[in-house]
Structure formats: structure tokens, C-alpha cells
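For reference, the structure discussed in these notes is given below.
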Amino acid sequence: MKTLSYGEITDGGLSVFQSVARLEDDGRLVLTFEGAIRIDNPYRYLSGYLDELARVLPQYPINATTMDFVKMRFCNSNGFYVIMDIVDAVYNLVPGPVVVRRISDDDWQHETLPILLNLSEEHIAARTTFDDVREP
Amino acid sequence: MKPDINHSQTSVGASFTISPINHITSDVAGLLANFLDALLVRFYPRRICQKVNVVVTELVTNVIQHASERDGEVRLDLRIDPSGLVIKVANKVTLDEYRTVKAVFDEIFAAEDPRELFARTVRGRRIDKQRGGLGLIRLTAENKFHLSTQHVDGVLVIQATFP
């Protein structure tokens, strides 16, 4: 396993949101989202992470992706666009199927996340499956 | 928790007033939302408490970020009991501000499919990453709140009810 990139939002010195991109030994990219996005401008913290994803993802022989939102408890509406940019980087730069892990009864992960993934685009929907899990 | 008690039969009410709005410098919306979430999860399913978290965050943030009457107050009232959840957020607004909010309400009420309106609005505002403008639509499309608005004596009250 190799960590490819890491993005974080801090508040008062505490980490409140983290996203990690790591490559498993079998060639699967695992992108985790953990914590809560509440700040007004998440790009202030995550623009470097987006740049790094765009730089490193094409460099590795990735054959599949898991995006894991199970530990992402909250996303305000200002956070939607940065999530869209992160998942766009995956769909545009990485080939293969994408599994999206989400909480089975969470409003934003069921109603809004599919919009942020842009599942209305057929080629994205065709690559995407959901793994609905109970809240940890 | 006592196992023989149905906690979802509990009634909880809370009211907060902060004045003037101009003195709010930190994420007060988040503090209130997280506090109420943490309180209500003692009695109600997490899914309901997360709705409270989202609605308090979005409505109070709207006031803090957009209210032009900075010397006025923001008031938050919450009531939850077995029949449902009611949240009201009130603040003094100008007539122009009220018209802006009402136009969003009119768009929501006119939409045949709120989820389609929400998706279209998210995609449209993403182009220039416009801040704001999604909260009320989100509450309807994502969290299934029924929204209403009143404008009395210069005070705007937005009410969200579930179910």
C-alpha cells in the first residue's frame, strides 16, 4: 500500500476533515473522506490536494477505485464543489470501475452524493456501483 | 438509556437568540447544529438528528452570511415531539432581501421534482463556484423538509417541518 496524496481541513488547529488517496498492492485506488466540511471556503485548504491528485493519479497503473464516504459525517453546501472536483479527478484520470461506499440511511450521501458524482452522465453511471453500509 | 422507555416519545424544545448578528465571528451555526444533534440523538434516531444538523447549519448560516441588518438578532426555535420536527429561524430583513428569499421559495414550490431542481442548481452554480444559494433547495430535495416563509413587521421567518 502506498499513500499518494493527503488533504486536510483544520479548525483551530484541529483536523476536522481528511481525504487520503492511497494505492493498494492490487492496483486499486482507495480514496477516503472522513470528518465534516463546514467551512465557508474549503478550497483554501484543499486546492493543493486537488493539484496533487491531478499530478499523481496518471502516474500509477490503477485498475479500479473505491471512494469511501462512510466516515464523512457532514458536508455543507459550500463543500459540494470541492467534493465534485475530487471525484471528477478520479473519473477523468483513472480508468476502471468505481465503488462508492456510503452510509445506508444518510440523507446527503443518498440524495446529494449521486449529484456530486455526476451520475446523470451515462459513462459515469456505467462505471459506478454503490456499497451501502450501516453507520459505524 | 433505559431499555423499557421509548425515547422517540420525548418532546424537546429549544430557543436561542443572538444579538447583534454583527458580533458573530465564528462558526456559530455549526456550534448550534452540533449541539442540537448531540442532544437529540439521546432521544431520536441519528437520521432525524442529522436533518436537524443540516437545517440549523443552512438556515443560521444564511442569516449570518447574508443579513444586512447586522444590528438585529437571529432567533432559532426548535420543537420535536412524536408528531414531528419544526424549526424556525428568524431575523430582520430589508424588503429586497425578502424578495430574494421569496424568489427562491417560488422556484422551489414551482418545481415538479425538487431533486431535479437541486441537481440543476448545483451544476449551474458550480461553473463559477458561487457560494450560497443551495441551502433552501437542499433542505427540500435532500432532507425532505417542508418549507414555508413569513414576512411580518420586517422580520423574515423561515420554517422547516418534517415530516
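In the text below, chain A, chain B and the rest are named by the order of the sequence lines, each starting its count at 1.
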For this session: For chain B, find its close neighbours in residues 105-114 of chain A: heavy-atom separation under 4.5 Å, sorted by number, or none.
Result: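 Expected list: A/D105, A/D106, A/D107, A/W108, A/E111, A/T112.
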For this session: For chain B, find its close neighbours in residues 52-59 of chain A: heavy-atom separation under 4.5 Å, sorted by number, or none.
Result: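 Residues in range: none.
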Do [X] and [Y] have side chains that get closer than 4.5 Å, going by heavy atoms?
{"X": "A/E8", "Y": "A/V20", "result": "no"}
{"X": "A/V82", "Y": "A/L50", "result": "yes"}
{"X": "B/V41", "Y": "B/I48", "result": "no"}

Under 4.0 Å between a Lys/Arg side-chain N and an Asp/Glu carboxylate O for [X] and [Y]?
{"X": "A/R102", "Y": "A/D132", "answer": "yes"}
{"X": "B/D37", "Y": "A/R73", "answer": "no"}
{"X": "B/D77", "Y": "B/K88", "answer": "no"}
{"X": "A/R22", "Y": "A/E24", "answer": "yes"}

When you measure from the side chain of [X] to the backbone of [Y], do you find a donor-acceptor pair of N or O atoms at a distance under 3.5 Å?
{"X": "A/N118", "Y": "A/E121", "answer": "no"}
{"X": "A/D131", "Y": "A/V99", "answer": "no"}
{"X": "A/T10", "Y": "A/G13", "answer": "no"}
{"X": "A/R127", "Y": "A/H123", "answer": "no"}

For this session: Using heavy atoms and a sub-4.5 Å threshold, report which of residues 16-32 of chain B line up against chain A, by residue number.
Result: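 B/D27, B/G30, listed by number.
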Exercise. Mind checking which of residues 143-152 of chain B sit less than 4.5 Å from chain A, heavy atom to heavy atom?
Worked result: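 Near chain A, by residue number: B/N143, B/K144.
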Problem set entry | B/R46 and B/N53: side chain donor to acceptor below 3.5 Å |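 Result is no, nothing qualifies.
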Exercise. Just by distance, with hydrogens left out, do B/S68 and B/E97 show a side-chain donor and acceptor under 3.5 Å apart?
Worked result: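 There is such a pair between these side chains.
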For this session: Take atom CD of B/Q9 as the centre, draw a 6.0 Å sphere, and report whether it contains more than 12 heavy atoms from other residues, nucleotides or ligands.
Result: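 Yes - once you tally the heavy atoms of other residues, nucleotides and ligands closer than 6.0 Å, there are more than 12.
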Problem set entry | Over 12 non-hydrogen atoms of neighbours within 6.0 angstrom of CZ in A/R28 |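 Counting other residues, nucleotides and ligands, CZ of A/R28 exceeds 12 neighbours.
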Exercise. What part of B/E58 gets closer than 4.5 Å to chain A, counting heavy atoms only: side chain, backbone, both or neither?
Worked result: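 For B/E58, side-chain heavy atoms alone lie under 4.5 Å from chain A.
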Exercise. Chain A heavy atoms under 4.5 Å from B/A141: which part of the residue, side chain, backbone, both or neither?
Worked result: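 Answer is backbone: N, CA, C or O of B/A141 sit under 4.5 Å from chain A.
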For this session: Give the C-alpha distance, both sets of side-chain angles, the deciding distance and a yes or no for side chain to side chain contact (heavy atoms under 4.5 Å, CB included) between A/Y43 and A/Y81.
Result: CA-CA 9 Å; A/Y43 287 96; A/Y81 307 127; 3.4 Å; yes
Problem set entry | Under 4.5 Å from any heavy atom of chain B - which part of A/L116 |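 Contact with chain B is through the side chain of A/L116 alone.
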Exercise. What part of A/D11 lies closer than 4.5 angstrom to a heavy atom of chain B: side chain, backbone, both or neither?
Worked result: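 No part of it gets close to chain B.
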Exercise. Within 45 degrees of the axis of the six-membered ring of B/F118 and under 6.0 Å from its centre: does B/R138 put its NZ or CZ there?
Worked result: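 No, a cation-pi geometry is absent between B/R138 and B/F118.
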Exercise. What are the two closest non-hydrogen atoms of A/F17 and A/L46, and how far apart are they?
Worked result: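 Heavy atoms of A/F17 and A/L46 come nearest at CE2-CD1, 3.8 Å.
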